[in-house]
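Have a look at the structure below before the remarks.
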2 protein chains.
Amino acid sequence: MANTGETKRDTLFVGALAKGLRVLRAFDESKPEMSLGELAKRTGMDKSTIQRLANTLHLEGYLDKDPNTRRLRPSHAWLELAYCYYWSDPLVGTAMPKLIELSRQLGETINLAEISGDHIIYVSRLPCKRTYFAATIIGRRLPALSTSAGRAILSTWPEAEREAAIETWPLKVFTPRTVMDRDEIRRSIDETIANGFSVSRDQMLLNEMAIAAPIIGPDGRALAGVQCSVSAYTWDDARLRAEILPWLLDTANSISPALRS
Amino acid sequence: MANTGETKRDTLFVGALAKGLRVLRAFDESKPEMSLGELAKRTGMDKSTIQRLANTLHLEGYLDKDPNTRRLRPSHAWLELAYCYYWSDPLVGTAMPKLIELSRQLGETINLAEISGDHIIYVSRLPCKRTYFAATIIGRRLPALSTSAGRAILSTWPEAEREAAIETWPLKVFTPRTVMDRDEIRRSIDETIANGFSVSRDQMLLNEMAIAAPIIGPDGRALAGVQCSVSAYTWDDARLRAEILPWLLDTANSISPALRS
DNA sequence: ATTTAACGTATCACTATGCGATACAGCACA
DNA sequence: TGTGCTGTATCGCATAGTGATACGTTAAAT
């Protein structure tokens, strides 16, 4: 009745489960481990509630508890879930061997990114050179409009949806050179439509260049992209197009026809 | 009261959350997507219960629902959880750049495995050659006793625990040559104690060889190992020791001292 | 066409179950 | 020895999850 903000939430909604999941989501790169109190503060839930939820998550193997500090951390179960995800994603199975082959050929970092709402998410990463940590691990989400993979994907969408995305999807400053001007992004995507690939630079990290090609589905619409990420210290636009692009396109195109299901 | 099999489960246990988690766990490589009915069968829960739990998981973004078939699949959220895990695991951050460097040097598949109960779990994988799918994705759990990484880890443990592990930890047949004789495993681990590394062959997959070294913690006890996996068609024991082992040991040892926290 | 089955969806009364205030215990820092 | 943190345990109450039942739709079978 006197429910604070929650919308209707009918009888098919299990609040206790949702709260538990929200506890999981409370962990992130800035807070990779927490005490009960911190969790309570962060989630805004009652101390007792957190106690019960955390205890349950611990007993079920989803949270590890440091025997000394009693602080809670994500457990190996979180990795097992990723393992499951991979089996359920039809794209990964067919793409993986080709991505490995590509990374071997080029000797540069190859990523597989999928669209996830208005972000892209890195589903597979094959790092070949040292980069910063976040660039080596899967599951990272980035604003689609700011990434070459996101733009490559969008370039295959019908104009209306594409335009809506360009106008409304979120942008965030990562570097001083992250493009925040939507007109400039539109131009970049228009180029991608014409060329079939997208190049970006300094968007997430200074002196990082990326080139991406869409993996086009049966309906002509891409939901994923193959991306190659290199250092601008040793690469430039011309070399990228000459030495990387042909193989990248080959790989992306060779994955596309396999998407019959 | 008339509770079927469940043990006590005191007042600090949120059954609804636990059930929801059990729904997540119902998905695996053999069942990567399911209908409500299948879920009910598989979890043994009431149809209505599954309906509510699945609906909640869907609304919270943990299950994707195919608009046509209404079947449920793991969502991208499962990958985000893995992303979180990586930030919380102190080992990964220090190990990753060195593993990348190692894989580049050797041009062979490098894995980082951690002990997780009586299994090892692959935390990071850097595939360089085509292998079968399951060998390319993180989160896979394998019986520790059957893997070179598991044996390398165990070799650093105090004798009592080590012996208990050898006697009681589970074994499973993966290939006709998977070793099921615990005495033979004990001998293999004794060798590892003497040499500081472990070699295995044909254990998970025929004609697959693996060599692993422990990453030793501050207390002298390993909880993880670096493993290199190669094809027996192009490698043999002697070459493995000559061309891979030195670098592998270097890498493992260079990670160890960084584990102060 | 008609039947049957299987599935996803919706409703509802009951009470088991999760809620949160409160009190207790252990460990720091002063 | 106090003070303020932790994490842990208890308990009565009413909410919130339960599971039987029923409805509607789709797909295969006759």
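Residue numbers start from 1 in every chain, and the chains themselves are labelled A, B, ... in the order their sequence lines are given, proteins ahead of strands.
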Review point. Could R221(A) and W157(A) be counted as a cation-pi pair, given that NZ or CZ must be under 6.0 Å from the ring centre and within 45° of the axis?
Key: yes
Revision key, fill the gap. Q51(B) CD to dC23(D) P, in whole Å, measures 16 Å
Review point. Whole-Å distance between dC19(C) P and L17(A) CG?
Key: 12 Å
Point to revise | Interatomic distance, R71(A) CZ vs dC5(D) P [rounded to whole Å] | key: 16 Å
Practice item. Could you pull out all residues at least two apart from R130(A) that satisfy side chain to side chain contact (heavy atoms under 4.5 Å, CB included)? Key: P97(B)
Practice item. With a 4.0 Å heavy-atom cut-off, tell me which residues in residues 36-49 of chain A come close to DNA chain C, sorted by residue number. Key: D46(A), S48(A), T49(A)
Review point. Can R182(A) and E167(A) be counted as an ion pair, charged N to O under 4.0 angstrom?
Key: no
Study note, to complete from the structure: Whole-Å distance, M34(B) CE to dA6(C) C1', equals 18 Å
Review point. Would S116(B) and R141(B) count as having a side-chain donor-acceptor pair, cut-off 3.5 Å?
Key: yes
Exercise for review: Please state how far atom CD1 in I50(A) lies from atom P in dA9(D), giving the value in whole angstrom units.
Suggested key: 17 Å
Check your understanding: Residues two or more places apart in sequence or in another chain: which of them pass side chain to side chain contact (heavy atoms under 4.5 Å, CB included) with K47(A)?
Key -> none
Exercise for review: Kindly say whether the aromatic ring centers of W78(A) and Y83(B) come within a distance under 6.0 Å.
Suggested key: no
Point to revise | Between F27(B) and W87(A), ring centroids under 6.0 Å | key: no
Point to revise | Nucleotide dG17(D), atom P - distance to CZ of F13(B) in whole Å | key: 15 Å
Review point. Between G15(B) and R52(B), which is nearer to the 5' end of DNA chain C once each is assigned its nearest nucleotide?
Key: R52(B)
Practice item. Please identify each residue that fulfils side chain to side chain contact (heavy atoms under 4.5 Å, CB included) with T49(B), with sequence neighbours left out. Key: K19(B), M45(B), D46(B), R52(B), L53(B)
Point to revise | Qualifying salt bridge (charged side-chain N to carboxylate O under 4.0 Å, His left out) pairs with a residue from residues 88-100 of chain A, counting only residues at least two apart or across chains | key: none
Check your understanding: Which whole-number value in Å describes the distance from H58(B) NE2 to dG8(C) P?
Key -> 13 Å
Restricting to nitrogen or oxygen on both sides, can you table the protein-nucleotides 27-30 of chain C pairs closer than 3.5 Å?
none

Exercise for review: Could you say whether L53(B) or S35(A) is positioned toward the 5' end of DNA chain D, judged by the nucleotide with the nearest heavy atom to each?
Suggested key: S35(A)
**Study point:** Integer-rounded Å distance: dA16(D) P and K19(A) NZ
**Key:** 7 Å
